[in-house]
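Working notes, structure below.
Order of listing sets the numbers, starting from 1, for every ligand and every atom in it.
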Amino acid sequence: MPSPVVTRCAPSPTGYLHLGHAYAAGIAFLRARQAGGRFLLRIEDIDLTRCRPEFTDAIFEDLAWLGLTWEQPVRRQSEHFVDYRQALDALHERGLLYPCFCTRKQITAEIAAAGQAPHGFEGVVYPGTCQQLDHAERIDRMAGGEAYALRLNMAAACARIPTWPLHWHDETAGRQTVTPDLLLQGFGDVVLARKETPASYHLCVTHDDALQGITLVTRGNDLFPATHLHRLLQALFGWPVPVYAHHHLLTDDSGERLAKRKNAPSLRDLRDRGLNPSAIWQMAGLDPSRILD
Ligand code: GLU
């Protein structure tokens, strides 16, 4: 028996959902529905500085209004920091994490002084400054209450993987190959726990997709490169590897990706203008009858 399809929609409650979110949610919902599988909704609210409970409530309300249904209970990441802590501890015990005290400013200065700015998938690649600190200094600074992030020692992490390359599959782009070079150049020593948030998107999303048995991850293609890193985390933890279906992002008339900060109308704005769910699905380019019937 092939395993049933399990998809998820994993929005972050940092604002009201717009058409792009409806599209992403609709795809995940439809893929589960078409396969007779399961559709989960997960609230990715670890960033306590940006996420707000009223936006979480609005996610439930807006998606229900659009006619989507999902399994209960909904996992809210902010209720599971203990899980992410355990995953971090496991990496720490294997010597794969180190505390980083650098501020953004210091990192920029360090890179400027080195005369080069190696760009990865997520901006400049961390020059590894705090990797050089000795144990005593780390302990001192931590004991002194200095804020620190936890970074993955990428070279050490890659050395723990017995067989290279790693692979993952995207339904459109096909089989992807992940090498240590790609990870070192594309990410370097990535942050897995932030100074202000005791976990990171990369860690939590990969952890939860494994925990919740997600078999098909549908998400925007802005996250395509991130999947290389997620594949490394899966290999380090022995987590299963879902299939991925990265989809395009909806754009506005000028070709700009829809975004709250660019004033994309929210779903509730559209609703207030009198549009009904069927019209919204149509605007998102999805066939309403496949969702609403
Ligand atoms: N929480 C992420 C976001 O809102 C999506 C995570 C994912 O689908 O992997 O952008």
Side-chain angles (χ1 to χ4, degrees), residues 5-32 38-53 55-60 62-63 68 70 74-81 83-84 87 121-123 168-173 176 187 190-192 194 197 199-234 239-251 257-262 264 266-267 284:
V5 170
V6 186
T7 68
R8 59 25 170 218
C9 165
S12 296
T14 55
Y16 292 117
L17 302 185
H18 53 63
L19 204 57
H21 297 111
Y23 177 70
I27 299 254
F29 178 81
L30 275 175
R31 291 300 305 268
R38 299 166 52 209
F39 169 68
L40 310 185
L41 174 62
R42 181 169 74 225
I43 302 297
E44 302 215 320
D45 56 352
I46 53 165
D47 185 342
L48 302 172
T49 61
R50 293 175 62 227
C51 296
R52 302 223 307 253
F55 293 136
T56 298
D57 294 343
I59 289 172
F60 297 141
D62 292 349
L63 294 183
L68 301 189
W70 53 87
V74 168
R75 184 175 174 88
R76 298 180 193 221
Q77 290 188 326
S78 61
E79 292 171 357
H80 300 281
F81 281 118
D83 290 9
Y84 311 130
F121 295 122
E122 303 183 325
W168 57 276
H169 185 82
D170 179 81
E171 280 191 352
T172 311
Q176 300 298 308
F187 296 97
V190 282
V191 169
L192 291 189
R194 308 196 162 278
T197 304
S200 76
Y201 158 70
H202 295 303
L203 180 77
C204 300
V205 79
T206 317
H207 174 279
D208 284 358
D209 284 341
L211 180 82
Q212 297 189 290
I214 305 301
T215 64
L216 175 66
V217 172
T218 63
R219 63 183 172 201
N221 56 19
D222 54 329
L223 288 167
F224 192 102
T227 309
H228 298 311
L229 173 61
H230 300 176
R231 182 65 188 87
L232 172 70
L233 295 177
Q234 287 154 358
W239 289 333
V241 184
V243 171
Y244 290 83
H246 292 93
H247 54 72
H248 70 271
L249 298 170
L250 296 195
T251 52
R257 151 184 183 193
L258 293 185
K260 202 177 1 144
R261 60 178 188 286
K262 302 244 171 72
S266 67
L267 294 172

Hey, what's the ring geometry for H228 with F224, parallel, tilted or perpendicular (30° and 60° as the breaks)?
perpendicular

Side-chain donor-acceptor pairs of residues 46-53 under 3.5 Å, sequence neighbours excluded:
from : atom 1 : to  : atom 2 : distance (Å)
D47  : OD1    : T49 : N      : 3.1
D47  : OD1    : T49 : OG1    : 2.5
D47  : OD1    : R50 : N      : 3.3
R52  : NE     : E54 : OE2    : 2.8
R52  : NH2    : E54 : OE2    : 3.1

Please state which protein non-hydrogen atom is closest to atom 8 (O) of ligand 1 and give its distance, to 0.1 Å?
R8 NH1, 2.7 Å

Any non-hydrogen protein atom below 4.0 Å of atom 10 (O) of ligand 1?
no

Counting N and O atoms only, with roles assigned by atom type, does the side chain of D209 sit under 3.5 Å from a partner on the main chain of I214, one being a donor and the other an acceptor?
no

Which atoms of ligand 1 have any heavy atom of V205 under 4.0 Å away?
9 (O)

Name the orientation class of the two ring planes belonging to F121 and F187 (parallel below 30°, tilted from 30 to 60°, perpendicular beyond 60°).
tilted

Among residues at least two apart in sequence or on other chains, which ones pass ring-ring contact (aromatic ring centres under 6.0 Å, His included) with Y23?
H247, H248

Where ligand 1 meets E44 - atom numbers and elements under 4.0 angstrom, heavy-atom basis:
1 (N), 2 (C), 5 (C), 6 (C)

Y201 versus ligand 1: do any nitrogen or oxygen atoms come within less than 3.5 Å of each other?
yes

Judging by distance only, is a nitrogen or oxygen of A10 under 3.5 angstrom from one on ligand 1?
yes

